[in-house]
Amino acid sequence: PTLILLLHLHLPLLLLLLPLQSAEAFAAAKTKSRPKKAQSASGGGGGGFGAPTQAPPSYTPDTSATTQSLLQFLKHQKARGLEQVEIGHDHDNGVRGLFAAQNFQQGQLLCQIPSDCALALSDPNLPVDDAPTLSHGGANFWNMYWNNPQARTLWAPYLDTLPTADSPQFDPTPDFFSPEQLQLLEFPRIIQQAQQRQQDILTVAAEQGLGPTELQFATWLTTSRVFAIAIATPEKEPDGNESKDNNDDDDHAKDEKQQQQPPTMTKTQTNTIRVMVPFIDMANHNSDQPNAKLTLIDPEKDEAWFALEATRPIKKGKEIVISYGSGVASTVELLLNYGFVPHRNKMDEFMLQKGGDDVIATLDGWTTTLQQDQARLAEETDATMRKIL
(Lines give C-alpha, C1' and ligand atoms only; values in the text may rest on other atoms or scores of the structure.)
Protein backbone atom coordinates (compact mmCIF):
# COMPACT_ATOMS: atom_id res chain seq x y z
CA PRO A 1 0.00 0.00 0.00
CA THR A 2 0.61 0.72 2.34
CA LEU A 3 -2.73 -0.50 2.91
CA ILE A 4 -1.68 -4.13 2.72
CA LEU A 5 -3.55 -7.10 1.36
CA LEU A 6 -1.79 -10.27 2.51
CA LEU A 7 -2.29 -13.27 0.28
CA HIS A 8 -0.21 -16.44 0.21
CA LEU A 9 1.50 -17.33 -3.03
CA HIS A 10 3.58 -20.36 -3.87
CA LEU A 11 6.96 -20.25 -5.59
CA PRO A 12 5.66 -20.95 -9.16
CA LEU A 13 3.60 -17.76 -9.03
CA LEU A 14 6.54 -15.83 -7.63
CA LEU A 15 8.63 -16.84 -10.62
CA LEU A 16 5.94 -15.46 -12.90
CA LEU A 17 5.92 -12.14 -11.11
CA LEU A 18 9.62 -11.41 -10.98
CA PRO A 19 11.10 -9.38 -13.85
CA LEU A 20 13.97 -11.09 -15.65
CA GLN A 21 17.17 -9.69 -17.08
CA SER A 22 16.57 -9.79 -20.83
CA ALA A 23 13.88 -8.05 -22.81
CA GLU A 24 12.47 -11.37 -23.95
CA ALA A 25 12.04 -12.39 -20.34
CA PHE A 26 9.68 -9.54 -19.56
CA ALA A 27 6.08 -10.64 -19.86
CA ALA A 28 4.66 -9.04 -23.00
CA ALA A 29 2.05 -7.59 -21.86
CA LYS A 30 -1.65 2.47 -11.08
CA THR A 31 -3.09 6.54 -6.88
CA LYS A 32 -5.58 4.56 -8.31
CA SER A 33 -5.70 5.61 -11.93
CA ARG A 34 -6.04 5.77 -8.68
CA PRO A 35 -6.39 9.36 -8.04
CA LYS A 36 -7.31 7.94 -4.68
CA LYS A 37 -10.32 10.09 -4.16
CA ALA A 38 -12.63 8.69 -1.52
CA GLN A 39 -15.97 7.54 -2.81
CA SER A 40 -19.08 8.02 -0.73
CA ALA A 41 -21.39 5.88 -2.86
CA SER A 42 -22.36 2.57 -1.34
CA GLY A 43 -21.32 0.69 -4.45
CA GLY A 44 -24.18 -1.78 -4.60
CA GLY A 45 -27.69 -2.58 -3.51
CA GLY A 46 -28.94 -5.24 -1.19
CA GLY A 47 -31.99 -6.24 -3.22
CA GLY A 48 -32.41 -8.94 -5.81
CA PHE A 49 -31.48 -8.77 -9.46
CA GLY A 50 -34.95 -8.98 -10.95
CA ALA A 51 -35.87 -5.31 -10.84
CA PRO A 52 -36.83 -4.23 -14.37
CA THR A 53 -35.76 -0.61 -13.92
CA GLN A 54 -32.09 0.30 -14.39
CA ALA A 55 -30.69 3.50 -12.92
CA PRO A 56 -29.11 5.89 -15.44
CA PRO A 57 -25.35 5.42 -15.86
CA SER A 58 -23.31 7.13 -13.17
CA TYR A 59 -20.17 7.30 -15.30
CA THR A 60 -18.84 7.98 -18.77
CA PRO A 61 -16.82 5.11 -20.31
CA ASP A 62 -13.14 5.90 -20.90
CA THR A 63 -12.61 5.54 -24.64
CA SER A 64 -9.14 7.14 -24.75
CA ALA A 65 -6.48 5.57 -26.95
CA THR A 66 -4.28 4.64 -23.97
CA THR A 67 -7.13 2.85 -22.20
CA GLN A 68 -8.11 0.97 -25.33
CA SER A 69 -4.48 -0.05 -25.86
CA LEU A 70 -4.36 -1.45 -22.31
CA LEU A 71 -7.57 -3.43 -22.85
CA GLN A 72 -6.26 -4.90 -26.09
CA PHE A 73 -3.01 -5.82 -24.41
CA LEU A 74 -4.78 -7.58 -21.53
CA LYS A 75 -7.12 -9.41 -23.90
CA HIS A 76 -4.08 -10.65 -25.79
CA GLN A 77 -2.74 -11.94 -22.46
CA LYS A 78 -6.01 -13.87 -21.94
CA ALA A 79 -7.41 -11.63 -19.19
CA ARG A 80 -10.98 -12.54 -18.29
CA GLY A 81 -14.08 -10.49 -17.54
CA LEU A 82 -12.97 -7.24 -19.18
CA GLU A 83 -16.39 -6.97 -20.84
CA GLN A 84 -18.05 -7.19 -17.39
CA VAL A 85 -16.16 -4.25 -15.89
CA GLU A 86 -15.67 -0.86 -17.53
CA ILE A 87 -13.09 1.85 -16.98
CA GLY A 88 -14.94 5.14 -16.71
CA HIS A 89 -15.13 8.62 -15.18
CA ASP A 90 -17.62 9.32 -12.40
CA HIS A 91 -20.25 11.89 -13.39
CA ASP A 92 -20.11 13.64 -10.02
CA ASN A 93 -16.38 14.12 -9.50
CA GLY A 94 -14.72 13.13 -12.79
CA VAL A 95 -12.50 10.56 -11.05
CA ARG A 96 -11.50 7.54 -13.11
CA GLY A 97 -12.44 4.14 -11.72
CA LEU A 98 -13.96 0.74 -12.43
CA PHE A 99 -17.70 0.29 -12.95
CA ALA A 100 -19.96 -2.75 -13.19
CA ALA A 101 -21.16 -3.37 -16.74
CA GLN A 102 -23.63 -5.97 -15.43
CA ASN A 103 -25.17 -7.13 -12.16
CA PHE A 104 -22.97 -9.17 -9.85
CA GLN A 105 -23.84 -11.43 -6.94
CA GLN A 106 -21.81 -11.73 -3.75
CA GLY A 107 -18.82 -14.02 -4.28
CA GLN A 108 -18.86 -13.64 -8.07
CA LEU A 109 -15.58 -12.90 -9.85
CA LEU A 110 -15.68 -9.58 -11.68
CA CYS A 111 -12.46 -9.86 -13.69
CA GLN A 112 -9.23 -11.86 -13.72
CA ILE A 113 -5.75 -10.66 -14.71
CA PRO A 114 -2.98 -13.22 -15.42
CA SER A 115 -0.25 -13.12 -12.79
CA ASP A 116 2.45 -12.68 -15.43
CA CYS A 117 0.92 -9.28 -16.23
CA ALA A 118 1.81 -8.01 -12.74
CA LEU A 119 4.92 -5.90 -12.16
CA ALA A 120 6.93 -7.08 -9.14
CA LEU A 121 8.90 -4.38 -7.31
CA SER A 122 11.11 -6.69 -5.25
CA ASP A 123 12.63 -10.17 -5.28
CA PRO A 124 12.14 -12.25 -2.09
CA ASN A 125 14.60 -14.85 -3.40
CA LEU A 126 17.49 -12.45 -2.92
CA PRO A 127 19.53 -12.98 0.28
CA VAL A 128 18.89 -9.35 1.21
CA ASP A 129 15.59 -7.51 0.80
CA ASP A 130 16.03 -5.25 -2.22
CA ALA A 131 13.02 -3.08 -1.28
CA PRO A 132 13.17 -2.54 2.50
CA THR A 133 11.38 0.82 2.19
CA LEU A 134 8.71 2.22 -0.10
CA SER A 135 11.39 4.45 -1.61
CA HIS A 136 13.39 1.38 -2.61
CA GLY A 137 10.26 0.03 -4.30
CA GLY A 138 9.96 3.29 -6.22
CA ALA A 139 13.60 3.05 -7.27
CA ASN A 140 13.14 -0.55 -8.44
CA PHE A 141 10.12 0.49 -10.52
CA TRP A 142 12.09 3.33 -12.08
CA ASN A 143 15.12 1.20 -12.89
CA MET A 144 13.39 -2.04 -13.94
CA TYR A 145 10.46 -0.67 -15.90
CA TRP A 146 10.12 3.06 -16.42
CA ASN A 147 13.72 3.92 -17.28
CA ASN A 148 14.59 0.59 -18.93
CA PRO A 149 14.13 1.11 -22.70
CA GLN A 150 13.34 -2.53 -23.50
CA ALA A 151 10.95 -2.98 -20.59
CA ARG A 152 9.42 0.45 -21.22
CA THR A 153 8.48 -0.64 -24.73
CA LEU A 154 7.12 -4.04 -23.73
CA TRP A 155 5.04 -2.67 -20.84
CA ALA A 156 3.96 0.52 -22.66
CA PRO A 157 0.23 -0.38 -22.83
CA TYR A 158 0.14 -0.37 -19.03
CA LEU A 159 2.75 2.27 -18.22
CA ASP A 160 1.07 4.77 -20.55
CA THR A 161 -2.10 4.64 -18.44
CA LEU A 162 -0.31 5.64 -15.23
CA PRO A 163 -0.65 9.19 -13.89
CA THR A 164 2.04 11.76 -14.54
CA ALA A 165 3.10 14.59 -12.25
CA ASP A 166 1.06 17.09 -14.28
CA SER A 167 -2.08 14.97 -14.72
CA PRO A 168 -5.37 15.47 -12.80
CA GLN A 169 -4.87 11.99 -11.33
CA PHE A 170 -1.79 13.10 -9.39
CA ASP A 171 -2.88 13.41 -5.74
CA PRO A 172 0.22 14.47 -3.74
CA THR A 173 0.98 12.77 -0.43
CA PRO A 174 2.39 14.74 2.55
CA ASP A 175 5.99 14.02 1.56
CA PHE A 176 5.37 16.57 -1.21
CA PHE A 177 4.33 19.20 1.36
CA SER A 178 6.64 22.02 2.36
CA PRO A 179 8.00 22.02 5.95
CA GLU A 180 5.51 24.76 6.83
CA GLN A 181 2.58 22.80 5.38
CA LEU A 182 3.64 19.66 7.24
CA GLN A 183 3.63 21.50 10.57
CA LEU A 184 0.11 22.76 9.88
CA LEU A 185 -1.07 19.13 9.97
CA GLU A 186 -0.24 19.18 13.72
CA PHE A 187 -0.87 15.42 14.06
CA PRO A 188 2.53 14.01 15.14
CA ARG A 189 2.21 10.57 13.54
CA ILE A 190 1.69 11.78 10.01
CA ILE A 191 4.29 14.56 10.33
CA GLN A 192 6.94 12.14 11.54
CA GLN A 193 6.20 9.51 8.91
CA ALA A 194 6.11 12.06 6.07
CA GLN A 195 9.47 13.48 7.20
CA GLN A 196 10.92 9.96 7.36
CA ARG A 197 9.78 9.26 3.82
CA GLN A 198 11.32 12.50 2.60
CA GLN A 199 14.60 11.43 4.17
CA ASP A 200 14.34 7.90 2.72
CA ILE A 201 13.85 9.35 -0.76
CA LEU A 202 16.95 11.53 -0.45
CA THR A 203 19.02 8.61 0.88
CA VAL A 204 17.94 6.10 -1.78
CA ALA A 205 18.30 8.68 -4.57
CA ALA A 206 21.91 9.33 -3.51
CA GLU A 207 22.69 5.61 -3.20
CA GLN A 208 21.31 4.73 -6.64
CA GLY A 209 22.24 7.86 -8.57
CA LEU A 210 18.64 8.97 -9.15
CA GLY A 211 17.22 12.46 -9.09
CA PRO A 212 15.30 13.09 -5.85
CA THR A 213 12.36 14.58 -7.75
CA GLU A 214 11.97 11.61 -10.08
CA LEU A 215 12.34 9.14 -7.22
CA GLN A 216 9.79 11.02 -5.13
CA PHE A 217 7.25 10.72 -7.93
CA ALA A 218 8.10 7.06 -8.57
CA THR A 219 7.64 6.37 -4.85
CA TRP A 220 4.26 8.09 -4.86
CA LEU A 221 3.22 6.23 -8.02
CA THR A 222 4.07 2.78 -6.71
CA THR A 223 2.98 3.32 -3.11
CA SER A 224 -0.44 4.53 -4.20
CA ARG A 225 -1.03 1.56 -6.50
CA VAL A 226 0.71 -1.54 -5.19
CA PHE A 227 -0.71 -4.60 -3.50
CA ALA A 228 1.56 -6.19 -0.88
CA ILE A 229 1.65 -9.98 -1.25
CA ALA A 230 2.98 -12.46 1.31
CA ILE A 231 5.08 -15.12 -0.41
CA ALA A 232 5.71 -18.47 1.28
CA THR A 233 9.11 -19.79 0.15
CA PRO A 234 11.11 -22.78 1.42
CA GLU A 235 14.02 -21.99 3.69
CA LYS A 236 17.40 -23.15 2.49
CA GLU A 237 18.52 -26.14 4.57
CA PRO A 238 22.07 -25.95 5.94
CA ASP A 239 24.58 -28.00 4.02
CA GLY A 240 25.26 -31.09 6.12
CA ASN A 241 28.07 -32.34 3.88
CA GLU A 242 30.63 -29.74 4.91
CA SER A 243 33.70 -31.54 6.31
CA LYS A 244 37.37 -30.95 6.69
CA ASP A 245 38.06 -34.51 5.47
CA ASN A 246 37.66 -35.48 1.84
CA ASN A 247 37.05 -39.18 2.46
CA ASP A 248 35.08 -40.77 -0.37
CA ASP A 249 34.16 -43.80 1.75
CA ASP A 250 32.72 -41.58 4.45
CA ASP A 251 30.75 -39.61 1.85
CA HIS A 252 29.37 -42.86 0.38
CA ALA A 253 28.30 -44.06 3.83
CA LYS A 254 26.58 -40.75 4.53
CA ASP A 255 24.68 -40.94 1.23
CA GLU A 256 23.44 -44.46 2.00
CA LYS A 257 22.37 -43.41 5.50
CA GLN A 258 20.50 -40.38 4.15
CA GLN A 259 18.66 -42.54 1.59
CA GLN A 260 17.45 -44.87 4.34
CA GLN A 261 16.06 -42.04 6.47
CA PRO A 262 12.50 -40.72 5.89
CA PRO A 263 12.26 -37.35 4.14
CA THR A 264 12.18 -34.32 6.43
CA MET A 265 9.68 -31.47 6.15
CA THR A 266 11.09 -28.36 4.53
CA LYS A 267 10.71 -25.20 6.58
CA THR A 268 9.11 -22.21 4.94
CA GLN A 269 9.48 -18.51 5.51
CA THR A 270 7.21 -15.66 4.49
CA ASN A 271 8.51 -12.71 2.51
CA THR A 272 6.49 -9.80 1.21
CA ILE A 273 6.71 -8.36 -2.27
CA ARG A 274 4.80 -5.47 -3.76
CA VAL A 275 3.15 -5.86 -7.14
CA MET A 276 1.32 -3.55 -9.51
CA VAL A 277 -1.65 -5.20 -11.23
CA PRO A 278 -2.88 -3.53 -14.44
CA PHE A 279 -6.61 -2.73 -14.66
CA ILE A 280 -7.33 -3.85 -11.09
CA ASP A 281 -5.21 -1.00 -9.72
CA MET A 282 -7.75 1.44 -11.18
CA ALA A 283 -10.28 0.48 -8.49
CA ASN A 284 -10.93 3.34 -6.08
CA HIS A 285 -11.20 3.14 -2.28
CA ASN A 286 -14.15 3.16 0.09
CA SER A 287 -13.37 3.12 3.81
CA ASP A 288 -16.75 1.98 5.10
CA GLN A 289 -18.55 0.20 2.27
CA PRO A 290 -16.24 -1.56 -0.22
CA ASN A 291 -18.08 -3.94 -2.53
CA ALA A 292 -15.12 -5.94 -3.87
CA LYS A 293 -11.74 -7.32 -2.84
CA LEU A 294 -8.56 -8.58 -4.47
CA THR A 295 -8.19 -12.34 -4.44
CA LEU A 296 -5.92 -14.97 -6.00
CA ILE A 297 -7.02 -17.83 -8.20
CA ASP A 298 -4.87 -21.00 -8.36
CA PRO A 299 -1.79 -19.42 -6.73
CA GLU A 300 -0.05 -22.82 -6.65
CA LYS A 301 -0.22 -23.17 -10.42
CA ASP A 302 1.87 -21.61 -13.18
CA GLU A 303 -1.28 -20.02 -14.62
CA ALA A 304 -2.37 -18.03 -11.58
CA TRP A 305 -4.69 -15.03 -11.60
CA PHE A 306 -5.29 -11.80 -9.73
CA ALA A 307 -9.04 -11.24 -9.52
CA LEU A 308 -11.63 -8.85 -8.17
CA GLU A 309 -14.37 -10.65 -6.24
CA ALA A 310 -17.72 -9.10 -5.22
CA THR A 311 -18.11 -8.95 -1.44
CA ARG A 312 -21.80 -8.08 -1.77
CA PRO A 313 -24.28 -7.62 -4.64
CA ILE A 314 -23.29 -4.93 -7.15
CA LYS A 315 -25.82 -3.48 -9.55
CA LYS A 316 -24.99 -2.59 -13.12
CA GLY A 317 -23.61 0.95 -13.37
CA LYS A 318 -22.33 1.08 -9.79
CA GLU A 319 -18.68 1.83 -9.09
CA ILE A 320 -16.51 -1.08 -7.95
CA VAL A 321 -14.63 0.01 -4.83
CA ILE A 322 -12.17 -1.82 -2.61
CA SER A 323 -10.55 -1.13 0.75
CA TYR A 324 -6.92 -0.17 0.28
CA GLY A 325 -4.09 -1.84 2.12
CA SER A 326 -4.93 -3.95 5.15
CA GLY A 327 -8.56 -2.85 5.10
CA VAL A 328 -8.15 -1.22 8.53
CA ALA A 329 -6.23 1.89 7.54
CA SER A 330 -6.91 5.13 9.38
CA THR A 331 -7.08 8.46 7.61
CA VAL A 332 -3.43 8.99 8.59
CA GLU A 333 -2.36 5.99 6.48
CA LEU A 334 -4.69 6.91 3.62
CA LEU A 335 -3.34 10.45 3.37
CA LEU A 336 0.27 9.33 3.84
CA ASN A 337 0.19 6.59 1.20
CA TYR A 338 -2.57 7.61 -1.22
CA GLY A 339 -2.88 11.38 -0.89
CA PHE A 340 -6.56 11.70 -0.02
CA VAL A 341 -8.75 12.24 3.03
CA PRO A 342 -11.99 10.22 3.03
CA HIS A 343 -15.25 11.92 3.96
CA ARG A 344 -15.54 9.50 6.86
CA ASN A 345 -13.55 6.54 8.12
CA LYS A 346 -14.74 4.29 10.95
CA MET A 347 -11.14 3.18 11.61
CA ASP A 348 -10.20 6.64 12.94
CA GLU A 349 -12.18 6.04 16.12
CA PHE A 350 -10.18 2.89 16.85
CA MET A 351 -6.90 4.70 16.15
CA LEU A 352 -7.76 7.50 18.58
CA GLN A 353 -8.92 5.06 21.24
CA LYS A 354 -5.64 3.18 20.99
CA GLY A 355 -3.76 6.45 21.39
CA GLY A 356 0.00 6.82 21.64
CA ASP A 357 2.58 9.57 21.99
CA ASP A 358 2.18 10.43 18.29
CA VAL A 359 -1.62 10.81 18.43
CA ILE A 360 -3.84 13.77 19.30
CA ALA A 361 -6.72 11.98 21.00
CA THR A 362 -8.88 14.92 22.15
CA LEU A 363 -10.13 18.16 20.64
CA ASP A 364 -8.18 20.09 23.28
CA GLY A 365 -4.94 18.96 21.66
CA TRP A 366 -5.43 21.11 18.56
CA THR A 367 -4.52 24.80 18.21
CA THR A 368 -7.81 25.58 16.44
CA THR A 369 -11.38 24.56 17.16
CA LEU A 370 -13.44 22.25 14.99
CA GLN A 371 -15.74 25.15 14.11
CA GLN A 372 -12.82 27.31 12.99
CA ASP A 373 -11.47 24.57 10.73
CA GLN A 374 -14.89 23.87 9.26
CA ALA A 375 -15.41 27.55 8.49
CA ARG A 376 -12.05 27.87 6.78
CA LEU A 377 -12.52 24.62 4.86
CA ALA A 378 -15.76 25.96 3.40
CA GLU A 379 -13.84 28.88 1.89
CA GLU A 380 -10.47 27.24 1.08
CA THR A 381 -9.69 26.53 -2.58
CA ASP A 382 -6.07 25.33 -2.34
CA ALA A 383 -6.01 21.53 -2.63
CA THR A 384 -3.15 21.02 -0.15
CA MET A 385 -4.72 23.27 2.49
CA ARG A 386 -8.02 21.44 2.10
CA LYS A 387 -6.25 18.16 2.88
CA ILE A 388 -4.61 19.75 5.92
CA LEU A 389 -7.89 21.16 7.21
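A quick note: this is a predicted structure, and the numbers were derived from the prediction, not measured.
- With sequence neighbours left out, the side chain to side chain contact (heavy atoms under 4.5 Å, CB included) criterion links Thr362 to Asp364.
- Of the residues Arg96, Gln72, Glu86, the one that meets the side chain to side chain contact (heavy atoms under 4.5 Å, CB included) test with Thr67 is Arg96.
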Margin query: As a quick check of understanding, evaluate side-chain contact (heavy atoms from CB on, under 4.5 Å) for Glu309 and Leu110, giving each step before the final call.
Written below: CA-CA 6 Å; Glu309 177 184 345; Leu110 314 182; over 6 Å; no
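- Contact check for Pro342 versus Thr331: side-chain heavy atoms found under the 4.5 Å cut-off.
- In this structure, Thr222 contributes its side chain and Ala218 its backbone to a donor-acceptor pair below 3.5 Å.
- Within a 6.0 Å radius of CD in Gln353, more than 12 heavy atoms belonging to other residues, nucleotides or ligands are found.
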Notebook entry, point to check: Given the rule in the side-chain contact (heavy atoms from CB on, under 4.5 Å) test, do Glu214 and Trp142 qualify, once you have shown the distances and angles that lead to the verdict?
Noted result: CA-CA 9 Å; Glu214 63 189 20; Trp142 187 267; 3.5 Å; yes
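- At least one donor-acceptor pair closer than 3.5 Å links the side chain of Ser167 to the backbone N or O of Thr164.
- Summarising the geometry of Ile322 relative to Pro290, their closest heavy-atom pair is C-CB, 3.8 Å, with the distance given to 0.1 Å.
- With rounding to the nearest 0.5 Å, the separation of OH in Tyr145 from CG in Leu121 is 6.5 Å.
- Here the side chain of Arg189 pairs no donor or acceptor atom with the backbone of Val332 at under 3.5 angstrom.
- Using a distance-only test at 3.5 Å, with no hydrogens or angles considered, no donor-acceptor pair links the side chain of Ser330 to the main chain of Met347.
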Margin query: Quick one, Trp155 with Asn148, criterion side-chain contact (heavy atoms from CB on, under 4.5 Å). Give me CA distance, side-chain angles, the key distance, then yes/no.
Written below: CA-CA 10 Å; Trp155 289 96; Asn148 180 321; over 6 Å; no
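- Minimum heavy-atom separation, Ala101 to Lys316: O-CE, 3.4 Å.
- Within the 4.5 Å cutoff, the side chain of His285 has heavy atoms near those of the Ser323 side chain.
- Separating the CG atom in Asn140 from the CD1 atom in Ile273 is a distance of 11.5 Å, to the nearest 0.5 Å.
- Taking OG of Ser135 as the start and CD1 of Ile201 as the end, the distance is 4.5 Å to the nearest 0.5 Å.
- Under the 4.5 Å side-chain criterion, counting only non-hydrogen atoms from C-beta, Ile280 is in contact with Phe227.
- Here the side chain of Gln181 pairs a donor or acceptor atom with the backbone of Ser178 at under 3.5 angstrom.
- For the pair Pro278/Leu70, a side-chain contact is recorded, criterion being any heavy-atom separation below 4.5 Å from C-beta on.
- In this structure, OG on Ser287 lies 9.0 Å from CZ on Arg344, to the nearest 0.5 angstrom.
- Between the side chain of Arg312 and the main chain of Gln289, a donor-acceptor pair closer than 3.5 Å is present.
- Summarising the geometry of Ile87 relative to Leu71, their closest heavy-atom pair is CD1-CD2, 4.3 Å, with the distance given to 0.1 Å.
- Of all the heavy atoms in Pro174 and Ile190, the pair that sits closest is CG-CD1, 4.0 Å.
- Side chains of Asp116 and Gln77: a donor-acceptor N/O pair is absent below 3.5 angstrom, by distance only.
- With hydrogens and angles disregarded, a donor-acceptor distance shorter than 3.5 Å links the side chain of Glu186 to the backbone of Thr367.
- In the model, Ser58 has no side-chain atom that pairs as donor or acceptor with a side-chain atom of Glu319 under 3.5 Å.
- A 4.5 Å side-chain heavy-atom check between Thr219 and Phe141 finds every atom pair outside the cut-off.
- The distance from the CG atom of Asp373 to the CD atom of Glu380 is 11.0 Å, given to the nearest 0.5 Å.
- Panel note: side chain Asn143, backbone Ala139; a donor-acceptor pair is recorded below 3.5 Å.
- Between Trp220 and Phe170, the ring planes lie perpendicular to each other; the angle is over 60°, past the 30° to 60° tilted range.
- Between Phe279 and Tyr158 the shortest side-chain heavy-atom distance does not fall below 4.5 Å.
- Note that the CZ atom of Phe104 and the CD atom of Gln102 stand 4.0 Å from one another [nearest 0.5 Å].
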Notebook entry, point to check: Between Ile320 and Leu308, does a side-chain contact (heavy atoms from CB on, under 4.5 Å) hold up when you go through it step by step?
Noted result: CA-CA 9 Å; Ile320 297 166; Leu308 282 178; 4.3 Å; yes
Item checked: Derivation of the salt bridge (Lys or Arg N to Asp or Glu O under 4.0 Å) call for Asp160 and Arg152 -> CA-CA 9 Å; Asp160 288 346; Arg152 184 68 178 82; 3.3 Å; yes
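- For Phe217 and Phe176, the ring centers are positioned 6.0 Å apart or more.
- The closest donor-acceptor contact from the side chain of His89 to the backbone of Gly94 lies under 3.5 Å.
- Using a 4.5 Å heavy-atom threshold, the side chains of Arg80 and Trp305 count as touching.
- Side-chain contact between Ile229 and Arg274: absent, with no pair of heavy atoms (C-beta onward) separated by less than 4.5 Å.
- Between Thr173 and Asn337, the shortest heavy-atom distance links the atoms CG2-C, 3.7 Å.
- Without hydrogens or angle criteria, Asn291 side chain to Pro313 main chain gives no donor-acceptor distance under 3.5 Å.
- A salt bridge links Lys387 to Asp171: one of the charged nitrogens lies within less than 4.0 Å of a carboxylate oxygen.
- Partner Asp200 forms a side-chain hydrogen bond (donor to acceptor under 3.5 Å, both in side chains) with one of Arg197, Gln196, Gln198 and no other, that one being Gln196.
- Cluster membership for Leu202 and Ile191, using ILVMFWY side-chain heavy atoms within less than 4.5 angstrom, is not shared.
- Minimum heavy-atom separation, Ala100 to Tyr59: O-OH, 4.2 Å.
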